[in-house]
Amino acid sequence: MLIGELSSRTGVSRRMIRYYEQQGLLESARGTNGYRQYDDQAPAVVGHIKNLLAAGLPTATIAGLLQCVHGDPARPVLSGCPGMVDGLQAERARVAAEISRLNTSQEVLDILLEAAVHGPR
DNA sequence: CTTCTGACA
DNA sequence: TGTCAGCA
């Protein structure tokens, strides 16, 4: 399929699909006309890229991860990449710490706003 | 009509 | 990231 079909089937713009390729996340064959051609598994790969990007992972990490992520993007199967797991767990810990800090910020803001409603007009 | 690359009011 | 240009 051509980029237009891959785009409509994944909901990812053609611009982004080309960007994924620039970042080394997605491969494509070229027809004699120079058009990018994708195989039937491309939609799933794009799905995985969307997931990994949503996880906030850098494209460099995603590139490596794609080598061991398979199956339906809705039910990812991670086979191999034993070393990657440690990194992902560390990333998860960073995200948890970030959430904790944001919750603290929210609490402080809530206290300030609470004081505001009770303060002078 | 569709895609390609490069560039930015 | 969208979008426009100028080709093929």
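Summarising the geometry of A:Ile62 relative to A:Leu53, their closest heavy-atom pair is CD1-CD1, 3.0 Å, with the distance given to 0.1 Å. Summarising the geometry of A:Ser79 relative to A:Cys68, their closest heavy-atom pair is O-CB, 2.8 Å, with the distance given to 0.1 Å. Heavy atoms only, all atoms of each residue included: A:Cys81 and A:Gly64 are closest at SG-O, 4.4 Å.
Connection of A:Leu6 to A:Leu2 is not established within any shared hydrophobic cluster, with ILVMFWY side chains joined at heavy-atom distances below 4.5 Å, either directly or through further cluster members.
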(request) Assign a letter to each nucleotide of nucleotides 1-8 of chain C from its 5' end: B, base within under 4.0 Å of a protein heavy atom; S, sugar-phosphate only; -, no contact. (result) BBB----B
(request) Any chance you could encode DNA chain B as dot-bracket? Rule is Watson-Crick or G-U wobble with both distances under 3.5 Å; [ ] for pairs crossing earlier ones, | for another strand. (result) .|.|||||.
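A distance of 9.5 Å separates OG of A:Ser28 from CD of A:Gln37, quoted to the nearest 0.5 Å.
Between the CD atom of A:Glu5 and the P atom of B:dT2 there is a distance of 13 Å, rounded to whole Å. A straight line from CG of A:Leu2 to P of B:dC4 spans 8 Å, rounded to a whole angstrom.
The shortest side-chain heavy-atom distance between A:Tyr20 and A:Lys50 falls under the 4.5 Å cut-off.
Residue order along DNA chain B, read from the 5' end via each residue's closest nucleotide, puts A:Gly4 first among A:Gln22 and A:Gly4.
Checked for salt-bridge contact, A:Arg36 and A:Glu5 miss the test: no charged N lies under 4.0 Å from a carboxylate O.
A distance-only check finds a donor-acceptor pair linking the side chain of A:His48 to the backbone of A:Gly71 [under 3.5 Å].
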